[in-house]
There are 2 protein chains.
Amino acid sequence: MAKRTGVTRQKAAKIADVARLAGVSVATVSRTLARPEVVIEETRTRVLAAVRDTGYMPNISARNLRVRKTMVVLVAVPDIANPFFAEVLQGIDDTLSAAGYGLIIANLAGSPEKEARYVDLICAGQADGVLLLCGHVMRSPDRDLRDARVPLVAACEYIPYENFPQVTIDNVETAREAVRHLVDLGHTSIAYLSGPNSNILEQQRLEGYRQALREAGIAVDASLILPGDFTFRTGVEAGRALLTLDPAARPTALFAANDEMAIGLIKTVHAAGLHVPDDLSVVGFDGIAYADYCEPTLTTIVQPRRDLGATAAAELITLMTTGKAGLRKHIKLPAKLMLRDSTRPPRKGPGRSFRIARSG
Amino acid sequence: MAKRTGVTRQKAAKIADVARLAGVSVATVSRTLARPEVVIEETRTRVLAAVRDTGYMPNISARNLRVRKTMVVLVAVPDIANPFFAEVLQGIDDTLSAAGYGLIIANLAGSPEKEARYVDLICAGQADGVLLLCGHVMRSPDRDLRDARVPLVAACEYIPYENFPQVTIDNVETAREAVRHLVDLGHTSIAYLSGPNSNILEQQRLEGYRQALREAGIAVDASLILPGDFTFRTGVEAGRALLTLDPAARPTALFAANDEMAIGLIKTVHAAGLHVPDDLSVVGFDGIAYADYCEPTLTTIVQPRRDLGATAAAELITLMTTGKAGLRKHIKLPAKLMLRDSTRPPRKGPGRSFRIARSG
DNA sequence: GCATCGAATGTAATCGATTACATTTTTATC
DNA sequence: GATAAAAATGTAATCGATTACATTCGATGC
C-alpha cells in the first residue's frame with residue numbers, strides 16, 4: 001500500500017457528476033453556471049438542483065488552467081506589521097475582493113530570498129497582476145518582474161521609472177504645506193527631522209521643507225536638519241539633540257518626516273521639561289492612529305491610505321482587464337493637514353517669561 | 001474579431017518546448033525538475049540548460065490540477081489594520097513561506113458577504129488549509145467550513161469546540177498574573193476595564209481578575225468593573241467615569257482588558273490632573289508597540305504574537321501533510337508581564353500629602 | 001551467447017474545467 | 001407544410017503539468 005502523504009478527503013463532486021444527475025451534458029452545466037440566460041428555464045432548474053444536491057463547486061485549478069487566469073493579485077508589502085501598510089491593504093482588499101479577486105500578500109520583510117520566491121511565483125503565472133507597495137520593482141537572482149508578462153501598479157512609494165503606473169500623494173507639495181502651516185503661525189526657526197537619506201520619500205519631503213522656507217524668505221540652516229530613519233528611536237535621539245542646543249538657538253518649531261519620530265521626539269523633550277506646543281511646535285507626517293492618541297495630539301499630514309490602496313487596485317483591475325492603463329500614468333491623491341494640539345504660534349520674544357496668555 | 005478581455009501576453013515556455021529543445025520527452029523534463037537524481041548526468045545538464053534558455057517555469061494551475069494541491073493557505077483575519085493581527089501574520093508568514101506555502105489573507109472586516117465568498121473559495125479547493133484568527137468557524141449561507149474537507153487551525157481566539165486544534169495564550173492565568181502584580185504592590189482597590197461582554201477573551205480575562213482578587217482575599221466590587229469594548233474611545237469614557245468618583249472611593253489601580261483602552265484612560269485622567277502611576281496604577285493587556293511609547297510607558301501583558309502565528313502555522317503544516325494533529329489539540333503559549341512605568345505601590349493613607357518618597 | 005534485471009527514458013492517460021464546433025430541436029416565414 | 005434561421009444542447013479538443021505503465025538498452029550471470 002502506498003504511503004499516505006495527505007489527508008484523506010471525501011471526493012468532491014465534479015462537473016460530470018452534476019451533469020449525470022441532471023441528465024444533461026457537462027457543457028450545459030458549465031453554461032448554466034456561467035451564463036444562465038442561454039439555457040432554457042427547465043434545464044436551468046434541473047441543473048441548479050443537481051448542483052445543490054451534489055454540493056458542487058468548480059475546481060479552480062482546472063478553470064484557471066483552461067482560461068489562463070488565476071483571479072488572484074499579489075501585493076508586495078515591505079512590512080506587514082506596519083500599520084500604515086495595513087490600512088493601504090484594507091483599501092486594496094475592498095476593491096479587489098469586490099471585483100472577485102483573491103489576494104496574496106507577499107511580506108518582503110527585507111528578505112531577498114522571500115522576494116525571489118515571490119518573483120518566481122508571479123513569473124510562474126500564479127497571479128494576474130501585482131501591486132507594489134515597496135519602492136522598487138521586485139527581483140530574483142535570474143528574473144526581473146518587468147519581464148513577467150503581468151501588469152504592475154505601484155502605490156505609496158515612487159518608482160523612478162518612466163511611465164510606470166503608480167498612485168501616491170504629492171510628497172513635495174504636502175511637506176511644503178506642513179511647513180507653511182508653521183510659517184503661517186509665525187515661526188521662523190523651523191527644524192526638520194529627516195528620514196533615511198536614500199529614501200525617495202525623504203528626499204521629496206525635504207524638498208518640500210526647503211521650498212516652504214525659501215518662499216517665506218527663511219534661510220535653510222543645515223544645523224536644523226536632524227538625521228532620522230523613520231523609527232521612534234531616532235525621534236528620541238533627535239529630541240535629545242535638540243535639548244543640548246543653547247535655548248536661544250533652539251528652533252521654535254519642527255517638521256518631522258513621519259509621525260513615529262515626531263512622537264518619540266515629543267516624549268523625550270517633555271521628559272526634560274520642554275513643552276509641546278508652548279516651547280516647540282511639532283508637525284508630523286502620515287497620520288497614524290496614534291497621532292490622535294498621544295499627548296498632545298499631533299498635528300500631521302494625513303495620507304489617504306485606504307484611498308491609495310483602493311485607487312491602485314482599481315488601476316490594476318483596468319490594466320488586467322483592458323490591458324490599458326487609465327489616462328494618467330501617475331495618479332496623485334490629495335493628503336490633508338490635520339490641525340491638532342501640537343502646533344501654536346511661537347512665544348513673542350526670546351525668554352520663557354513672555355508666554356502668550358491663553359485660556360484653559 | 002472577438003472582444004479582447006485580457007492583456008496579450010507573449011506565450012510562456014511550456015514543458016513541451018523544453019523537451020523539444022533538450023531532445024527528450026516531457027516526462028524526462030518533469031522528472032529532471034522533480035527528482036534530479038533519477039536521470040543521468042548528461043540528460044540532466046541538457047534539460048537544465050534548456051530550462052534556462054527557455055525561461056521555463058511550470059504552470060501552477062496545471063500542476064495543482066494534477067496533484068490536487070494548491071500549496072496555499074488561507075488566513076482569516078478579523079481586521080487586517082489591527083496591528084496585533086499584523087504581527088501574528090508575520091509569524092504565520094515566516095513559517096508558511098519557508099515551507100513553500102503561499103498565503104491568502106481573508107480580511108473579514110465584519111462583512112458576512114466577504115466571509116461567505118472566502119468560505120466558497122475554500123470549499124472550491126482553492127486552499128490546502130485554513131488558519132482562523134477570528135473567534136469563530138467561518139460560514140456562508142449554505143456552507144460551513146467544517147465540511148470543507150480542509151484542515152483548520154485556530155489561533156489567538158478560542159473556538160469553543162471540542163478537540164479543535166488551536167493555539168492561544170492562557171488568558172485566565174495571564175490576567176490573574178497581571179492583577180496579582182497589582183496586589184503584590186499593595187493595592188487593595190483594583191478596578192477592571194472590561195472588553196465587550198460577549199467576547200470570550202473578555203470573559204476569560206475577567207475570570208482571571210476575579211481569581212486574583214479572591215486569592216488575595218479582596219471582595220469583587222461590581223462598581224469597580226467598568227464597561228468597555230477594546231477601543232481607545234471606551235478607554236477615554238472609562239477615564240471620565242473614574243474621575244466622577246469620590247476620591248476616597250477611587251481605586252488606586254486598574255487592570256484594563258487591552259492596551260488601547262488603558263492608553264485612552266491614562267490620557268483622560270492625566271488631562272484632569274490625576275497622575276499615573278502616582279495616583280493610579282494601570283496594567284494593560286496585549287503589548288502593542290505603542291504601550292512602550294506612551295507617557296508613562298505601560299506595564300502590560302505581552303502576548304507572543306509572532307510565536308502564536310508561527311506555532312499555529314506549524315501545526316497546520318503537520319495537519320496538512322500527515323493528516324494528524326500534534327499531540328496537544330490546544331496549545332497554550334506563555335505570555336509575560338512586562339513591567340514599565342505605569343504601576344507602583346499605592347500611597348500610604350488616604351490623602352495626597354502622604355506621597356511615598358522616591359528617587360528621580 | 002542468451003536470459004534476466006535494472007536503469008533510463010518514452011508514451012499516453014489523467015486531473016476537471018471551458019468552449020469551438022457539430023448536432024438536434026424549436027421557431028418563424030412564406 | 002417545407003424550409004430557413006435561431007436556439008438549445010451535445011461531443012470532444014484543449015489548457016499544461018504529473019506519472020503509471022511500456023519500452024529500450026546495457027550490464028550481469030551462467
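Basis for what follows: all heavy atoms, side chains included, without hydrogens, waters or symmetry-related copies. Only a predicted model underlies this, so the values are computations on that prediction, with no experimental measurement involved. Lettering follows sequence order; numbering is per chain, from 1.
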As an exercise, state the distance from CZ of B/Arg306 to CG of B/Leu89, rounded to the nearest 0.5 Å. 11.0 Å
At a heavy-atom distance below 4.0 Å, what parts of residues 35-48 of chain A sit against DNA chain D? A/Val38, A/Val39, A/Ile40, A/Thr43
Is the shortest side-chain N to carboxylate O distance from B/Glu42 to B/Arg46 below 4.0 Å? yes
Between the side chains of B/Asp79 and A/Gln90, does any donor sit under 3.5 Å from an acceptor? yes
Looking at every strand, decide which applies to A/Thr28 at a 4.0 Å heavy-atom threshold: base, sugar-phosphate, or nothing. sugar-phosphate
5' precedence on DNA chain C between B/Ala27 and A/Lys14 (nearest-nucleotide basis): B/Ala27
Comparing nearest nucleotides in DNA chain D, the 5'-proximal residue of the pair A/Val24, A/Val67 is A/Val24
Considering every strand and a 4.0 Å limit on heavy-atom distances, what is the contact class for B/Val26: base, sugar-phosphate, or nothing? base
Would you mind telling me which residue lines up with the more 5' stretch of DNA chain C, A/Arg66 or B/Arg66, judged by nearest nucleotide? B/Arg66
Do we see a donor-acceptor contact under 3.5 Å between the side chains of B/Thr70 and B/Asp128? yes
Check every nucleotide of DNA chain C for an atom under 4.0 Å from a heavy-atom of chain B, then give the first and the last such nucleotide from 5' to 3'. C/dA8 to C/dG16
Is it possible for you to check whether B/Arg146 lies under 6.0 Å from the centre of the six-membered ring of B/Phe164, through NZ or CZ, and within 45° of that ring's axis? no
On the ring face of A/Phe85, is A/Arg305 found with NZ or CZ under 6.0 Å from the centre and within 45° of the axis? no
Inter-residue atom distance B/Gln166.CD - B/Ile159.CD1, 0.5 Å rounding: 6.0 Å
Among B/His330, B/Glu157, B/Lys332, side chain to side chain donor-acceptor pair (under 3.5 Å) partner for B/Thr168: B/His330
